[in-house]
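Model, not experiment: these values are computed from the prediction.
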Amino acid sequence: GRKDEAPARIAPDLLLGAAAHAADLALLQALGVTAVLNLAPQSCDDPVGSYAAREIGYTALEADDFSDYPLLELHLEKARAFVEKHAPST
């Protein structure tokens with residue numbers, strides 16, 4: 001299948017990407033990414049040490065990838081708090 005070159009912008013300061021995007025430090029820096037929220041840490045290894053060296057915030061939430069998984073019910077509040085903590089000041 002086709003690989004997206006960049007994550008999707010789902011809000012002005014919020015991107016949605018895949019493991020390949022999260023591992024591409026040059027891409028993250030070029031896009032001005034300030035934090036990475038990983039919802040599948042059991043499936044991919046993020047370069048956490050490299051994030052810290054570049055002052056990119058990071059957290060992981062253990063979520064499952066199936067259609068009836070209650071993602072929002074289980075993870076929305078923690079995800080929202082992380083995003084708000086790392087959102088650019090306006």
Does any non-hydrogen side-chain atom of L28 lie less than 4.5 Å from one of V36?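 Yes. Closest side-chain heavy atoms under 4.5 Å.
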
When you compare the side chain of D46 with that of P41, does any pair of heavy atoms fall below 4.5 Å?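 No - every pair of side-chain heavy atoms lies 4.5 Å or more apart.
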
Point-to-point distance, once rounded to the nearest 0.5 Å, from [atom1] of [X] to [atom2] of [Y]:
| X | Y | atom1 | atom2 | value |
| --- | --- | --- | --- | --- |
| S43 | D65 | OG | CG | 7.5 Å |
| Y51 | L25 | OH | CG | 6.5 Å |
| F66 | L71 | CZ | CG | 10.5 Å |
| R54 | Q29 | CZ | CD | 5.0 Å |
| R80 | L72 | CZ | CG | 9.5 Å |

Begin from the C-alpha positions of E55 and T34 and carry the test side-chain contact (heavy atoms from CB on, under 4.5 Å) through to its verdict. CA-CA 7 Å; E55 299 182 353; T34 59; over 6 Å; no

Stepwise side-chain contact (heavy atoms from CB on, under 4.5 Å) test for N38 and L61: CA-CA 6 Å; N38 184 348; L61 302 175; over 6 Å; no

Which atom pair, heavy atoms only, marks the closest approach of P47 to A23?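 So the minimum-distance heavy-atom pair works out to CD-CA, 4.2 Å.
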
Worked verdict on Y58 versus L37 for side-chain contact (heavy atoms from CB on, under 4.5 Å): CA-CA 6 Å; Y58 177 82; L37 172 62; over 6 Å; no

Going only through I, L, V, M, F, W and Y residues with side-chain contacts under 4.5 Å, is there a path from [X] to [Y]?
| X | Y | value |
| --- | --- | --- |
| L39 | F82 | yes |
| L76 | L74 | no |
| V48 | V33 | yes |

Distance-only donor-acceptor check, side chains H75 and Y69, under 3.5 Å: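 Checked: H75/Y69 side chains pair up, N/O donor to acceptor below 3.5 Å.
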
Apply the test side-chain contact (heavy atoms from CB on, under 4.5 Å) to residues L27 and H21: give CA-CA distance (whole Å), side-chain angles for both, the deciding distance (0.1 Å), then the verdict. CA-CA 7 Å; L27 175 65; H21 301 130; 4.0 Å; yes

